[in-house]
Protein chains: 2
Amino acid sequence: MSAAEPSSTEQEIFEAALVAFAQHGRTGARMQQIADAAGINKSMLHYYFRTKADLYEAVFAHTMERFMASFDHEALHEANTFAELLRRFIDGYVAFCQSHTHAMRLLVSENLRGGPLLGQHLQQMADAGTDTPPRLFRDAIETAIETGEIRPVDPDHTLLTIIASCIFPFVARPTVERMHPPAGSDWAAFVEMRKEQIFDVVYHGLQPDSVSSSSSPA
Amino acid sequence: MSAAEPSSTEQEIFEAALVAFAQHGRTGARMQQIADAAGINKSMLHYYFRTKADLYEAVFAHTMERFMASFDHEALHEANTFAELLRRFIDGYVAFCQSHTHAMRLLVSENLRGGPLLGQHLQQMADAGTDTPPRLFRDAIETAIETGEIRPVDPDHTLLTIIASCIFPFVARPTVERMHPPAGSDWAAFVEMRKEQIFDVVYHGLQPDSVSSSSSPA
DNA sequence: CGATGGGTTAACCGCTTGGTTACACCATAT
DNA sequence: ATATGGTGTAACCAAGCGGTTAACCCATCG
């Protein structure tokens with residue numbers, strides 16, 4: 001089922017389309033502008049992807065796959081303590097947002113639209129029996145609660161809080177850069193800082209109440 | 001300074017345009033569709049707001065004002081303890097997101113575009129000497145750190161985490177509803193739950209380490 | 001009464017848009 | 001050399017777009 005390695009131009013189109021759709025949305029993006037960004041003739045867009053809708057769906061589907069895969073990378077399975085798992089989850093997730101910023105923005109854009117494609121993809125994934133990706137980490141929260149490693153909290157909400165904290169800065173980057181000067185001057189450093197700060201607050205926020213804590217994270 | 005009370009139809013246009021721009025972005029929204037949603041003739045759009053760009057800027061400016069004002073409501077000033085302030089800030093902010101969901105989405109959409117208008121507005125606000133709105137709460141975090149009421153954390157990152165946790169569910173609502181069933185069946189209840197859960201994690205996350213509190217400067 | 005002027009409408013205009021067509025290029029296979 | 005088929009381009013087209021026009025309605029007022 002794996003797609004054959006796409007041609008160079010097809011790849012260029014993909015990248016250009018991703019950026020355009022992420023910035024201006026499905027209807028707002030212009031085929032001509034995508035063609036220009038890809039350095040090709042407009043007709044080539046229709047040669048590789050028949051219509052604008054097809055192109056959007058192709059880009060979206062690919063984005064969705066990468067997004068899903070991002071939740072289940074090897075590093076997570078190697079974690080021993082929950083603290084370590086949390087650390088790796090946040091680090092990995094923020095890193096993913098950084099290296100796939102446009103992809104994340106496309107997903108947000110689709111959400112703003114009402115997310116019809118989103119529901120479609122999640123549905124067919126559910127039908128295929130594939131579990132919702134963050135399940136691994138979500139379950140880890142539940143077990144950590146059972147073992148008393150962390151406070152009893154709502155796993156879903158906690159997960160949502162973490163994901164929101166990781167994604168949001170990349171989605172609202174212009175605002176963040178304006179309101180938080182350090183982010184504007186050195187984004188990469190800000191992102192690294194962010195990983196630690198999210199972990200810091202969430203980790204402490206999950207510590208059992210009165211009882212002491214175990215070891216400090218790696 | 002205060003604008004005169006707009007006519008009924010002008011209000012209708014505003015609402016319709018807000019929704020359309022939030023959903024499809026500045027370029028994606030269609031004037032005809034806005035007119036239809038407002039229940040008026042397309043020409044009226046150009047009668048009240050000369051061009052599409054004008055309409056967008058008007059809606060955006062108004063949204064921006066409401067957004068800024070949301071950070072400084074009375075309830076915040078009445079808080080005695082930091083915990084109380086935090087509680088009120090989160091409650092108020094989530095409530096605002098709920099009652100002005102489309103406004104929040106418009107801001108996100110503008111951010112996805114690169115946020116030129118955003119920078120413009122923030123800039124002219126800075127020129128006017130008005131402080132960046134969340135400053136009040138941000139400063140409260142700093143003082144709470146100094147008094148040892150909470151752990152020494154980066155105020156900006158903490159604020160960002162809180163804001164992200166509040167806003168994100170409304171921006172990515174379709175995804176959230178799919179991945180977290182309770183949200184899909186009863187959104188209002190989910191939102192109330194969310195207020196508490198955000199406070200819960202953040203508040204515990206800011207608690208001083210079990211041992212005493214030594215005031216360490218930032 | 002008729003004139004004024006804000007609110008409203010249908011019809012229209014020119015440009016932009018997504019999409020198509022016909023044709024040119026150029027490797028490779030016959 | 002010459003078909004062939006994937007790759008690329010310029011020119012074109014109909015529909016959709018933002019925006020304009022001219023007339024209409026109707027309250028207010030001289």
Side-chain angles (χ1 to χ4, degrees), chain A residues 2-63 102 106 109-110 112-114 116-117, chain B residues 3-63 106 109-110 112-114 116-117:
Chain A
S2 62
E5 159 180 343
S7 75
S8 164
T9 56
E10 186 169 349
Q11 193 64 28
E12 301 262 18
I13 294 176
F14 232 88
E15 299 286 334
L18 173 61
V19 175
F21 283 131
Q23 274 187 352
H24 307 289
R26 185 189 131 124
T27 56
R30 303 287 125 135
M31 296 294 268
Q32 184 63 61
Q33 148 194 343
I34 294 174
D36 292 348
I40 57 161
N41 188 286
K42 184 164 69 86
S43 293
M44 294 314 296
L45 295 186
H46 297 95
Y47 177 73
Y48 284 100
F49 310 88
R50 208 146 315 198
T51 69
K52 188 184 186 183
D54 285 354
L55 176 56
Y56 182 80
E57 280 182 36
V59 171
F60 179 81
H62 187 240
T63 297
H102 294 297
L106 177 66
S109 175
E110 175 68 15
L112 291 180
R113 276 209 318 143
L117 286 186
Chain B
E5 159 180 341
S7 74
S8 163
T9 55
E10 187 169 348
Q11 194 64 28
E12 300 263 17
I13 294 175
F14 233 88
E15 298 286 334
L18 173 61
V19 175
F21 283 131
Q23 274 186 352
H24 307 289
R26 186 187 132 123
T27 55
R30 302 289 126 132
M31 295 296 267
Q32 184 62 60
Q33 150 194 342
I34 294 175
D36 292 348
I40 57 162
N41 188 286
K42 183 164 70 84
S43 293
M44 295 311 294
L45 296 186
H46 300 285
Y47 178 73
Y48 284 101
F49 310 87
R50 209 148 312 193
T51 69
K52 188 186 186 182
D54 285 353
L55 176 57
Y56 182 80
E57 282 183 34
V59 171
F60 179 79
H62 186 240
T63 296
L106 177 66
S109 175
E110 176 68 15
L112 291 179
R113 275 209 319 144
L117 287 186

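Quick note on labels: first sequence line is chain A, next is B, and so on, each numbered from 1. Everything numeric in this text was worked out from a predicted model, so none of it was measured.
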ask   = Which residues pass the side chain to side chain donor-acceptor pair (under 3.5 Å) test with Gln32(B), sequence neighbours left out?
value = Asp36(B)
message = Using 0.5 Å steps for rounding, measure from the CD atom of Gln11(B) to the OH atom of Tyr48(B).
response = 11.5 Å
message = Can you list, in residue-number order, the parts of residues 18-38 of chain A that come under 4.0 Å of DNA chain D, counting heavy atoms only?
response = none
query = Going by heavy atoms in the side chains, are Leu45(B) and Ile40(B) under 4.5 Å from each other?
reply = yes
message = Just to verify, what does Arg30(A) make a salt bridge (charged side-chain N to carboxylate O under 4.0 Å, His left out) with, not counting sequence neighbours?
response = none
ask   = If we only count heavy atoms from C-beta on, is the Arg113(B) to Glu110(B) side-chain gap below 4.5 Å?
value = yes
query = Is any side-chain heavy atom of Ser109(B) closer than 4.5 Å to a side-chain heavy atom of Gln23(B)?
reply = no
inquiry  = From NZ of Lys52(B) over to P of dC15(C), roughly how many Å is that when rounded to an integer?
reply    = 18 Å
inquiry  = Distance check needed: dA22(C) P versus His46(A) NE2, whole Å only.
reply    = 17 Å
inquiry  = Once side chain to side chain donor-acceptor pair (under 3.5 Å) is applied, do any residues pair with Ser43(B), and if so which ones, sequence neighbours excluded?
reply    = Asn41(B)
Heavy-atom protein contacts under 4.0 Å, nucleotides 5-12 of chain C, coded B base, S sugar-phosphate only, - none = -SBBBB--
ask   = Tell me the ring pair (Phe, Tyr, Trp, His ring centres under 6.0 Å) pairs involving residues 19-41 of chain B, sequence neighbours left out?
value = Phe21(B)-Tyr56(B)
query = What integer distance in Å separates Tyr56(B):OH from dG18(D):P?
reply = 15 Å
